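Everything numeric in this text was worked out from a predicted model, so none of it was measured.
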Amino acid sequence: MPSPPGGFEVPLWRALAVFRLASLAYVCVLAVRDADRYAHPYAVGALVLVMMTWTGVTAFAYARPAWRRWPLLLADLGVVLAVVLATPWVVGRTALTHGVPTMGVAWMAGPVLAWAVSGGRRRGTVAALLVAGADLGTRERIGQSSFTGVILMLLAGVVVGHVARLAAGAEARLQRAVELEAATRERERLARGIHDSVLQVLALVQRRGADLPGEAGELARLAGEQEAALRALIAGTGPAAAVPLDGPDAAVDLRTLLGRYASSAVALSAPATPVPLPRAVAGELAAATGAALDNVGRHAGGRAWVLIEDEGETVTVSIRDEGPGIPDGRLAEAAAQGRLGVTQSIRGRVVELGGTVRIASAPDAGTEIELTVPRARR
């Protein structure tokens with residue numbers, strides 16, 4: 001089953017709750033040890049009570065994904081900053097000068113880690129700088145030990161934020177892998193049933209009717225084409241396999257989109273390696289190729305050949321047939337009559353992508369249409 005959203009981050013939030021409890025216990029130990037050195041011991045006790053309460057609130061709130069938003073993150077940072085800034089008064093400048101720890105100690109790193117887990121390195125760094133600045137502002141003398149604490153807090157924010165982003169990326173990749181595995185299993189299940197029924201029937205019709213004249217032969221040819229298309233689909237090279245899992249801007253292998261056109265009448269030649277294109281570009285190029293093949297079926301008949309060439313910055317698809325060719329002026333005449341198949345369905349699509357269309361034709365020598373598009377849409 002797919003992991004729930006934020007599933008990989010759950011251990012990080014639990015670890016944060018444990019850290020805050022442990023650091024609070026350390027604050028309590030120091031408060032008991034240095035009680036006679038504080039300027040306002042009762043105020044220190046009240047502040048420790050506030051820290052206990054807020055630790056419980058954050059442990060409860062951060063355990064709920066819907067609450068891990070800016071209101072809670074800002075409140076967490078504000079409470080900690082208030083505790084840090086109250087240190088000079090409740091502890092006393094004299095006690096701080098003589099080495100008494102501040103009230104925050106390790107506990108003030110809590111919001112830094114929370115920001116890092118929720119937003120990554122940058123957010124963790126911002127929180128660390130704010131808390132470290134407040135801590136340094138409470139000190140009359142800033143020494144090496146003070147900067148050591150600041151550096152440790154910055155490192156914690158950066159490292160924890162980096163780990164959190166890695167966890168989020170790993171979860172997204174796992175989710176895609178699970179979805180792909182489920183789709184593959186379903187395709188295999190359907191393939192077994194289809195192979196035992198539909199494919200065998202289509203193959204039988206194609207074999208028995210291949211040599212028959214008239215409509216029977218045409219039905220046999222169509223059965224053969226549908227058998228080839230269906231085999232490509234269940235093998236994972238048809239249009240269903242071309243849908244990306246990363247969204248509309250993800251790269252799509254052009255071979256999978258054009259694979260649906262392969263049949264006994266259409267031969268497809270493609271590179272052995274994927275031909276990735278942005279989904280929108282690949283879809284329009286595939287549609288233009290389909291329109292060209294439709295023209296071949298209506299006007300040329302016979303076989304057609306489709307060639308995919310990956311030229312780095314551009315991708316070219318060539319469609320060639322062995323029909324009677326296109327007479328001179330026929331395309332202009334068709335456009336004037338309102339028949340805009342080539343003008344709009346083919347040339348219009350490719351030109352809109354920033355590409356070019358070249359049509360080479362001669363009487364009784366067939367037609368070749370070459371569609372070239374840039375890899376990125378202009």
How far apart are the C-alpha atoms of Cys28 and Met51, what are their side-chain angles, what is the distance that settles it, and do they pass the side chain to side chain contact (heavy atoms under 4.5 Å, CB included) test? CA-CA 10 Å; Cys28 293; Met51 296 168 70; over 6 Å; no

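For Arg121, the side-chain hydrogen bond (donor to acceptor under 3.5 Å, both in side chains) partners two or more places apart in sequence, or in a different chain, are His162.
Residue pairs that meet the side chain to side chain donor-acceptor pair (under 3.5 Å) test with at least one member in residues 32-48, sequence neighbours left out, do not exist here. Applying the side chain to side chain donor-acceptor pair (under 3.5 Å) rule to pairs touching residues 82-91 yields nothing, sequence neighbours excluded. Applying the salt bridge (Lys or Arg N to Asp or Glu O under 4.0 Å) definition to pairs two or more places apart or across chains, none involves residues 42-57. Annotation: salt bridge (Lys or Arg N to Asp or Glu O under 4.0 Å) contacts involving residues 10-24, sequence neighbours excluded, comprise Arg20-Asp76.
With a 4.5 Å cut-off on side-chain heavy atoms, Ile319 and Leu371 count as touching.
Side chain of Arg68 to main chain of Tyr62: a donor-acceptor pair is present (N/O by atom type, distance under 3.5 Å, no hydrogens or angles). At least one donor-acceptor pair under 3.5 Å links the side chain of Asp253 to the backbone N or O of Val275. When atom types are taken as modelled, the side chain of Arg349 and the backbone of Gly283 share no donor-acceptor pair closer than 3.5 angstrom. The backbone N or O of Pro271 sits less than 3.5 Å from a side-chain atom of Arg255, completing a donor-acceptor pair.
Residue Arg358 qualifies as enclosed at atom CZ: its count of foreign heavy atoms under 6.0 Å is above 12.
We find the CD1-OG1 distance between Ile369 and Thr289 to be 9.5 Å, quoted to the nearest 0.5 Å. Remark: Arg303 CZ to Ser263 OG distance equals 8.0 Å, nearest 0.5 Å. Taking CG from Leu136 and CG from Leu129, the interatomic distance works out to 10.5 Å, rounded to the nearest 0.5 Å.
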Below 3.5 Å, can you tabulate the donor-acceptor pairs from side chains in residues 99-115 to any protein atom, sequence neighbours excluded?
residue, atom, partner, partner atom, Å
Trp107, NE1, Thr55, OG1, 2.9
Trp115, NE1, Leu73, O, 3.1

